[in-house]
Amino acid sequence: MSIFMIVVAFMLLTILYYMSRKKHRLPPGPLGLPIVGYLPWIDPKAPHETLTELTRKYGPICGLKMGSVYTVLLSDPRLIRQVFAKDTFAGRAPLYLTHGMMHGYGLICAEGELWRDQRRFVAGCLKNLGMVKFGLKRDRMERRILAVLEECISKLKERSTIDGFDPNETLQHSIGNLMNDLVFGKTYDENDRVWNWLRMLQEEGVKHIGVAGPLNFLPFLRFLPWYGKTMYTLIDGKEKTHKIYKSIVEEHRSNPVKTESLLAAFDDEMTSRMKSDDLGYFTEKQFYHLLADIFGAGMDTTLTTLRWFLLFVATYPDEQEKIYQEMQQVLPDKEPTLDDRTVLTRLEAAIAEVQRIRSVVPVGIPHGTIEDTQIGDYDIPKGTMVVPMQWSIHTDPSYWQDPFDFKPDRFIADDGSLVKPEAFLPFQTGKRMCVGDELARMILFLFSSRIIRRFVVSIPPNVSINLEGECGITLVPKPHRLVFALRECPGI
């Protein structure tokens, strides 16, 4: 193709884009370029910051082209609640990488009746496992969490020195093993070969998905050697993981002693449906994709939030001391349990402030429109990616005074009770809100409370900490070292 033809094609695409904007009353936003849209201006290392700047400039409903995907950014919490409560916005964004790899299976990338059916199943399964407010089931869930937590505390005690160490591997093993227990009904030794491979694969997968991000918006890139190789690596990793899942399922079926888990519940349902020759959505492919989704989502976000919590309380020792003193005052002779969430207000406020100041998924989980619709006075075409801008909301000075300062007190009312402002959306909202939000709250409370009860968490001498983080699928802390010095805990 000659340069002249390229220029003509470029001009035609530009004219068509302008005509499209005039035909529909689209939200205000930058025009960008044909084919690539606004992608060249988005900082790949901090996309949440670039997109937040656009929401500040164009308002709470901002539209832009990201490659082949028309995108709407929402940065008003009340509007997000209204929009995401509607079925029209309960689809998934038309991203090539996730759709190309998952083919609509699982829960994260599923849509329509498959998604509704499987979400109901997962929600019911989690409640049966103990993701409830009170009762014997919750007590069993608490015991399962405490089993891995006590191992974690033992490892932190064993490994900490005056120079500190990076707790990521220890925390990853503990949170990961809890998810192994709940999802697969089994746990691993820390040095188990299969477990280490699965952890490595997950870390590498996150990195590869970050590198391959442009494929989501420019599918033709898959024909380039670099992106083609990355896509192959991701698909190969998925297939190898599913082979491991298949062996775990076979192990479960051959074991006369069954452990309550998501795997066991799905397998029972699938076996029951086989008798009536109507599997519905309980197929083998759906089985493996669902297991991967629930394990990955449950582990990654909870682990990252806990890492940020420990990093911030180490950086702000006065806030850590307030948490500990409250614990000493209301629970002088016992370890915290889930029953104590209502009395440890300062701890809950600190967790909430960490979730606000370092949104684990800073651009939220994007939704997709399943039909032509509207937001306010604006036309939103079918297939639009709709992004709830958590970072924008959680750092907006109109909602939060001094938004980049760590202030747990902003979640404590004058009477000392815990408050959750309208602009606080750690688990998103609406029909596709995080299905395991209550489980995450349980894990974060028990881990954070008992670690603070046992240790003074601090930064090693003469070490500076970077609180900016690294943004991939999630916003994670950069590698760092912390000191875990044992406290004297009388009565425990």
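No experiment lies behind these values; they were computed from the predicted model shown. Computed over heavy atoms, backbone and side chain alike; hydrogens, waters and symmetry mates excluded.
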Which residue pairs pass the side-chain hydrogen bond (donor to acceptor under 3.5 Å, both in side chains) test when at least one of the two sits in residues 72-83, sequence neighbours left out? R78-E422
Could you note down all residue pairs passing side-chain hydrogen bond (donor to acceptor under 3.5 Å, both in side chains) where residues 240-250 supplies at least one of them, sequence neighbours left out? D236-K240
Taking side chain to side chain contact (heavy atoms under 4.5 Å, CB included) as the definition, give me every residue that meets it alongside [X], ordered by chain and number, with sequence neighbours left out.
X: D372; value: P381, K382
X: I365; value: R92, V361, Q428
X: A423; value: P77, I393, Y399, W400

Whether [Y] and [X] form a salt bridge (side-chain N of Lys/Arg under 4.0 Å from carboxylate O of Asp/Glu) is what I want to check.
X: E335; Y: R454; value: yes
X: D278; Y: R273; value: no
X: R441; Y: E348; value: no
X: K186; Y: E251; value: yes
X: K478; Y: E468; value: no
X: E113; Y: R120; value: yes

Within this structure, what is the [atom1]-[atom2] distance for the pair [X] and [Y], rounded to the nearest 0.5 Å?
X: R199; Y: D192; atom1: CZ; atom2: CG; answer: 9.5 Å
X: L344; Y: T342; atom1: CG; atom2: OG1; answer: 8.0 Å
X: S174; Y: I443; atom1: OG; atom2: CD1; answer: 11.5 Å
X: T187; Y: H173; atom1: OG1; atom2: NE2; answer: 8.0 Å
X: S448; Y: I351; atom1: OG; atom2: CD1; answer: 3.5 Å
X: M299; Y: L171; atom1: CE; atom2: CG; answer: 10.0 Å

Side chain to side chain donor-acceptor pair (under 3.5 Å) involving [X] - partner list, sequence neighbours excluded:
X: E190; value: R159
X: S276; value: none
X: K238; value: H289
X: T88; value: E371

Could you walk me through whether Y288 and E284 pass the side chain to side chain donor-acceptor pair (under 3.5 Å) check? CA-CA 7 Å; Y288 302 146; E284 188 173 352; 3.0 Å; yes
Check the pair F165 / T170 against side chain to side chain contact (heavy atoms under 4.5 Å, CB included), numbers first and verdict last. CA-CA 10 Å; F165 76 109; T170 302; 3.9 Å; yes
Any idea how H48 and W391 line up, ring-wise: parallel (<30°), tilted (30 to 60°), or perpendicular (>60°)? perpendicular
Quick one: sort the F295 and F184 rings into parallel, tilted or perpendicular, breaks at 30° and 60°. tilted
Do [X] and [Y] have side chains that get closer than 4.5 Å, going by heavy atoms?
X: Q390; Y: V360; value: no
X: L74; Y: P388; value: no
X: L73; Y: M385; value: no
X: I235; Y: M231; value: yes
X: F282; Y: F287; value: no
X: L198; Y: Y188; value: yes
X: L26; Y: I380; value: no
X: R450; Y: P336; value: yes

What do you reckon, are the aromatic ring centroids of F411 and F424 less than 6.0 Å apart? yes
Between F266 and F121, is the ring centre distance below 6.0 Å? yes
Begin with the C-alpha distance, continue with both residues' side-chain angles, and end with the deciding distance and a verdict on side chain to side chain contact (heavy atoms under 4.5 Å, CB included) for L95 and F217. CA-CA 6 Å; L95 302 177; F217 309 104; 3.6 Å; yes
Kindly write out the residues that satisfy salt bridge (Lys or Arg N to Asp or Glu O under 4.0 Å) with R222, not counting sequence neighbours, or none if the list is empty.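 R222 satisfies salt bridge (Lys or Arg N to Asp or Glu O under 4.0 Å) with no residue once adjacent residues are dropped.
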For [X] and [Y], which heavy atoms make the closest approach, and how far apart are they?
X: R432; Y: W115; result: NH2-CD1, 3.3 Å
X: L311; Y: P477; result: CD2-CB, 3.9 Å
X: G469; Y: L475; result: C-CD1, 4.1 Å
X: D87; Y: I370; result: O-CD1, 3.5 Å
X: G29; Y: C62; result: CA-SG, 4.2 Å
X: V354; Y: T305; result: CG1-O, 4.0 Å

Passes salt bridge (charged side-chain N to carboxylate O under 4.0 Å, His left out), E438 versus K133? Steps please. CA-CA 8 Å; E438 183 60 24; K133 298 291 185 180; 3.2 Å; yes
Sorted by first residue and then second, give each salt bridge (charged side-chain N to carboxylate O under 4.0 Å, His left out) pair with at least one member in residues 165-178; sequence neighbours left out.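 Those involving residues 165-178 do not exist here.
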Could you go step by step and tell me if N177 and D181 meet the side chain to side chain contact (heavy atoms under 4.5 Å, CB included) rule? CA-CA 6 Å; N177 239 359; D181 183 31; over 6 Å; no
Taking CZ in F220 as the centre, count heavy atoms belonging to other residues, nucleotides or ligands within less than 6.0 Å. Is the count above 12? yes
Does NZ in K258 sit with more than 12 non-hydrogen atoms of other residues, nucleotides or ligands closer than 6.0 Å?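 Count over threshold, so yes.
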Start with the C-alpha gap between M270 and L279, add the side-chain angles, then the distance that decides, and say whether side chain to side chain contact (heavy atoms under 4.5 Å, CB included) holds. CA-CA 6 Å; M270 188 162 62; L279 285 175; 3.8 Å; yes
Testing M442, M131, K127, R143 one by one against R138 for a side chain to side chain contact (heavy atoms under 4.5 Å, CB included), which residue passes? M442
My understanding is that only residues two or more places apart in sequence, or in another chain, count here; which of them pass ring-ring contact (aromatic ring centres under 6.0 Å, His included) with F89?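 Scan of F89 (ring-ring contact (aromatic ring centres under 6.0 Å, His included), adjacent residues dropped) gives none.
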